[in-house]
Colleague: 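Have a look at this one.
Sequence lines set the chain letters: A, B, ... in the order given, protein chains first and strands last, and positions in each chain run from 1. Excluded from the calculations below are hydrogen atoms, water molecules and symmetry mates; all remaining heavy atoms, backbone and side chain alike, are included. Computed from a predicted structure; not experimentally measured.
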Amino acid sequence: MCLRLSTKLLNISVASLCRTKQLEKAEAALIDGIRLGVLPDVVTYNILITGYCQFVGFDAGYHVIHRMKEAGISPNLVTYNSLMAGATRQHSLACCLDMLDEMLDRGIVPDIWSYNTLMHCFFRMGRPYDAYRIFSEILLKNISPCQATYNILINGLCKNGYIKNALMLFRNLQHQGYVPQIVTYNILMTSLCKLRRWKAIMRLFEEIRELGIAPNAITYTTAMKCCFRSRRYKEGLQIFFEMKSRGYAYDLFACCTIVAALVKSGRRRIADRCIAHMIKIGYDLDIVSYNTLINRHFKEGKLEKAYNLLDVAESRGLDCDIYTHTILIDGLCKAGNFSVAERHLNHMKMMRFNCLVASNCFINGLCKAGYIDYALQVFKSSDMRDSSTYSSLVNSLCKQRRYLLAAQLLLSCIRSGMKILKSDQKNVIQGLTRLGTKADAERFKLQVRIAKLLHY
DNA sequence: CTAGGGTTAG
């Protein structure tokens, strides 16, 4: 009895250490426990597995199974569910399926969480149809879906571009008496933010209040970000103040959101106050935080400071990600150092990063500096483009009054199935008309109309 | 124990 109680205590301590990334201390606690005669049980090992999967990787988590066997403990349902979640976190469908197989081999019957996680994995891999097949399987096997099942489904639909369907599902479920959780609202708000559906987001935000559900830190951060994205800085800051008054001390997520928004809108002094606060609290800064800070220096043209910070991040063992590289390239362009920027862009391509945004920064930078012909050359030699690539080029072509070429580019943008900005279209039409080639303007309008009909 | 938030261009 006494021993069982001790194991429970051991588990609580190991869990809190694992949650806070202190895996070495967790291992030490385990050894201390054994020395005192407190034996770890299957729960202890499951907690360790979750920790290793989260902070080291799936393989490290899976390795714990061997240690369990040495200790004479058999893995259970939770063990495999945790490993499936770990595999999903690092986008390994193969490992996730392996864990399911291994589980079945051992005669363990998968529960709703095994299916939830598998469904989540398919969604994360960009395979919504397979994910949906898992959902059907849940229903066919007569396993009761839980709240999380629907959250994963709604989130997966959103992340795979089926936001309308997700919203429809959400409303249907509500109609059937399903009470959405704050998580569900957070998921929908995040997805609508990407579509810049500010009004729809604020309606959801209101709905949360009407239903009497308490918003959490995630809800506030999301709503705040939505405001900033649609350039409603006042509203965004208001949400930030409300968040503070509700007792949500700002965490790294909120800090990064607000600092990035303040830097973007030129409010550097308030941004610095926020950064100072962030550092005072003593957060363990991660690569996203460093990216935010590095970007802040680049925006002010302080390359030296930015590079120093980059060194600090690397010396702390953090890996630069796609954002770091993109921020660097953008910063170099803003400082007029195009040759180094281009070298870095090529470096990124070699490392097989997705360079669309970085390439847009480069092209946009060239345009802004007046090197439009070079920008066009880069554009033609690359197949990475989206509507904002076209927008940058069209914008600066208009400034140089090269409206015919701008018109051509806009048309090929539409013909590739991408949307164009109304303002760009207006700009080109006005330009063509002003140049006295009214026929060109009329022809362009017609061509746009036809292209839109054919491609939307 | 599993589901939701932050950073890049326009």
Colleague: Could you tell me the separation between the CG atom of A:Leu153 and the C1' atom of B:dT2, rounded to a whole number of Å?
Modeller: 16 Å
Colleague: Sequence neighbours excluded, which residues qualify as ring-ring contact (aromatic ring centres under 6.0 Å, His included) partners of A:Phe123?
Modeller: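 Expected list: none.
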Colleague: Write out all pairs satisfying ring-ring contact (aromatic ring centres under 6.0 Å, His included) with one or both partners inside residues 270-289 of chain A, taking only residues at least two apart or from two chains.
Modeller: A:Tyr250-A:His277
Colleague: Return a single string for nucleotides 5-10 of chain B, one symbol per nucleotide in 5' to 3' order, where B is base contact, S is sugar-phosphate-only contact and - is none, cutoff 4.0 angstrom on heavy atoms.
Modeller: BBBBBB
Colleague: Sequence neighbours left out, what passes ring-ring contact (aromatic ring centres under 6.0 Å, His included) with A:Tyr374? Give chain and number order.
Modeller: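 Residues passing ring-ring contact (aromatic ring centres under 6.0 Å, His included) with A:Tyr374: none at all.
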Colleague: Using a heavy-atom cut-off of 4.0 Å across all strands, would you classify A:Ile182 as base, sugar-phosphate, or nothing?
Modeller: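 The answer is base, as A:Ile182 lies within the cut-off (heavy atoms under 4.0 Å) of a base atom.
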Colleague: Check the distance between B:dT2's C1' and A:Arg19's CZ and give it to me in whole angstrom.
Modeller: 14 Å
Colleague: So if I take residues 107-124 of chain A and measure heavy-atom distances to DNA chain B, which residues fall below 4.0 Å?
Modeller: A:Trp113, A:His120
Colleague: Within this structure, what is the CZ-to-P distance between A:Phe135 and B:dA3, rounded to whole angstrom?
Modeller: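 My rounded result for the distance is 17 Å.
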Colleague: Please table the atom pairs, donor to acceptor, closer than 3.5 Å between any side-chain atom in residues 50-59 of chain A and protein atoms at least two apart or in another chain.
Modeller:
unit_1  : atom_1 : unit_2  : atom_2 : d
A:Thr50 : OG1    : A:Asn46 : O      : 3.0
A:Tyr52 : OH     : A:Glu27 : OE2    : 2.6

Colleague: Any salt bridge between A:Glu207 and A:Arg171, counting N to O under 4.0 Å?
Modeller: yes
Colleague: Table please: side-chain donor-acceptor pairs of residues 310-320 of chain A below 3.5 Å, with sequence neighbours left out.
Modeller:
unit_1   : atom_1 : unit_2   : atom_2 : d
A:Ser315 : OG     : A:Asp311 : O      : 3.3
A:Ser315 : OG     : A:Val312 : O      : 2.8
A:Arg316 : NH1    : A:Tyr290 : OH     : 3.0
A:Arg316 : NH2    : A:Asp284 : OD1    : 2.6

Colleague: Considering residues at least two apart in sequence or located in another chain, which fulfil the ring-ring contact (aromatic ring centres under 6.0 Å, His included) criterion with A:Phe205?
Modeller: none
Colleague: Report the residues that fulfil side chain to side chain donor-acceptor pair (under 3.5 Å) with A:Gln408, sequence neighbours left out, ordered by chain and then residue number.
Modeller: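 A:Gln408 satisfies side chain to side chain donor-acceptor pair (under 3.5 Å) with no residue once adjacent residues are dropped.
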Colleague: Among residues at least two apart in sequence or on other chains, which ones pass ring-ring contact (aromatic ring centres under 6.0 Å, His included) with A:His63?
Modeller: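 So A:His63 forms a ring-ring contact (aromatic ring centres under 6.0 Å, His included) with A:His66.
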Colleague: Residues from residues 76-90 of chain A sitting under 4.0 Å of DNA chain B, heavy atoms only?
Modeller: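 Close to the strand are A:Val78, A:Asn81, A:Ser82, A:Ala85.
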Colleague: Pairs in or reaching into residues 315-348 of chain A: which pass ring-ring contact (aromatic ring centres under 6.0 Å, His included), with residues at least two apart or in two chains?
Modeller: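 The answer is A:His325-A:His344, A:His325-A:Phe353, A:Phe338-A:Tyr371, A:His344-A:His347.
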Colleague: Rounded to whole angstrom units, what separation is found between the CD1 atom of A:Ile152 and the P atom of B:dG4?
Modeller: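 Computing the A:Ile152:CD1 to B:dG4:P distance gives 8 Å.
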Colleague: Distance only, no hydrogens: is a donor on one side chain within 3.5 Å (strictly under) of an acceptor on the other, for A:Thr7 and A:Asp41?
Modeller: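 Distance-only check fails for A:Thr7 and A:Asp41.
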